[in-house]
Amino acid sequence: MSPSPSPHTEGSPNDLLLVYLTHPGESKARKLARILLEKKLIACANIFPQGTSLYTWEGKICEEREWVSILKTDRARFPKLQELIKSLHPYDCPCILALPIAKAYGPYGDWLRSCLS
């Protein structure tokens with residue numbers, strides 16, 4: 001008889017999300033990440049250096065320098081996370097994209113969940 005698998009083993013469907021978010025500057029990205037961490041709405045934030053975004057806004061093609069953060073959270077916290085981001089973010093329409101994590105290394109997924117509880 002083999003041992004029962006852990007509910008959060010690698011390859012299992014789970015409730016974890018990656019949230020992609022853009023910012024007008026590094027300090028704003030860091031400040032928001034710290035607030036989200038303090039409120040336990042995310043377990044981790046990765047902030048990436050400035051890049052160029054090209055997009056259409058109000059009928060015009062725009063080009064801006066932006067920073068990107070990848071936030072790690074779960075489905076249960078996403079609604080509150082999204083509302084807080086909308087209330088604190090300087091953009092009228094912030095880019096908040098939630099992507100489900102199809103697979104995660106079991107111990108890492110467990111660590112993420114422990115940070116959120």
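Below, all heavy atoms of this structure are taken into account, side chains as well, without hydrogens, waters or symmetry copies.
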* To do: Could you tell me whether Glu83 and Lys86 make a salt bridge, using a distance below 4.0 angstrom between a side-chain N and a carboxylate O?
  => yes

* How many angstroms lie between atom CG of Leu21 and atom SG of Cys95, to the nearest 0.5 angstrom? -> 7.0 Å

* For Ile42, the option from Ile35, Leu71, Leu17, Leu32 that meets side chain to side chain contact (heavy atoms under 4.5 Å, CB included) -> Leu71

* Beyond-backbone contact of Val19 with Gln82, side-chain heavy atoms, under 4.5 angstrom -> no

* **Side chains of Leu18 and Lys72 in contact at under 4.5 Å (non-hydrogen atoms)** => yes

* Asked: So if you build clusters from Ile, Leu, Val, Met, Phe, Trp, Tyr with side-chain heavy-atom gaps below 4.5 Å, do Leu37 and Leu84 land together?
  -> yes

* When rounded to the nearest 0.5 angstrom, what distance separates CZ in Arg77 from OG in Ser117? -> 7.0 Å

* Structure fact -> When rounded to the nearest 0.5 Å, the distance separating OH of Tyr91 from CD of Glu64 is 7.0 Å

* What pair of heavy atoms forms the shortest contact from Ala43 to Leu112, and how long is it? -> CB-CD2, 3.5 Å

* **Evaluation steps, side chain to side chain contact (heavy atoms under 4.5 Å, CB included), between Leu36 and Ile85** => CA-CA 9 Å; Leu36 298 173; Ile85 291 170; 4.2 Å; yes

* Arg75: side-chain hydrogen bond (donor to acceptor under 3.5 Å, both in side chains) partners, not counting sequence neighbours -> none

* Asked: More than 12 non-hydrogen atoms from neighbouring residues, nucleotides or ligands closer than 6.0 Å to CD1 on Ile61, yes or no?
  -> no

* To do: May I ask you to decide if Phe78's main-chain N or O and Thr73's side chain share a donor-acceptor pair within less than 3.5 Å?
  => no

* Asked: What distance do Thr22 atom OG1 and Lys28 atom NZ have between them, rounded to the nearest 0.5 Å?
  -> 13.5 Å

* Do the side chain of Arg113 and the main chain of Gly109 share a donor and acceptor less than 3.5 angstrom apart? -> yes

* Taking atom CG of Leu81 and atom CD1 of Ile96, what is their separation to the nearest 0.5 Å? -> 7.5 Å

* Asked: Rounded to the nearest 0.5 Å, how far apart are CG of Leu97 and CD1 of Ile70?
  -> 9.0 Å

* Could you give all pairs that pass the ring-ring contact (aromatic ring centres under 6.0 Å, His included) test and reach residues 18-77, with sequence neighbours left out? -> His23-His89

* Check Ser69 against Ile47 and note the closest heavy-atom contact, atom names and distance. => CB-CG1, 4.1 Å

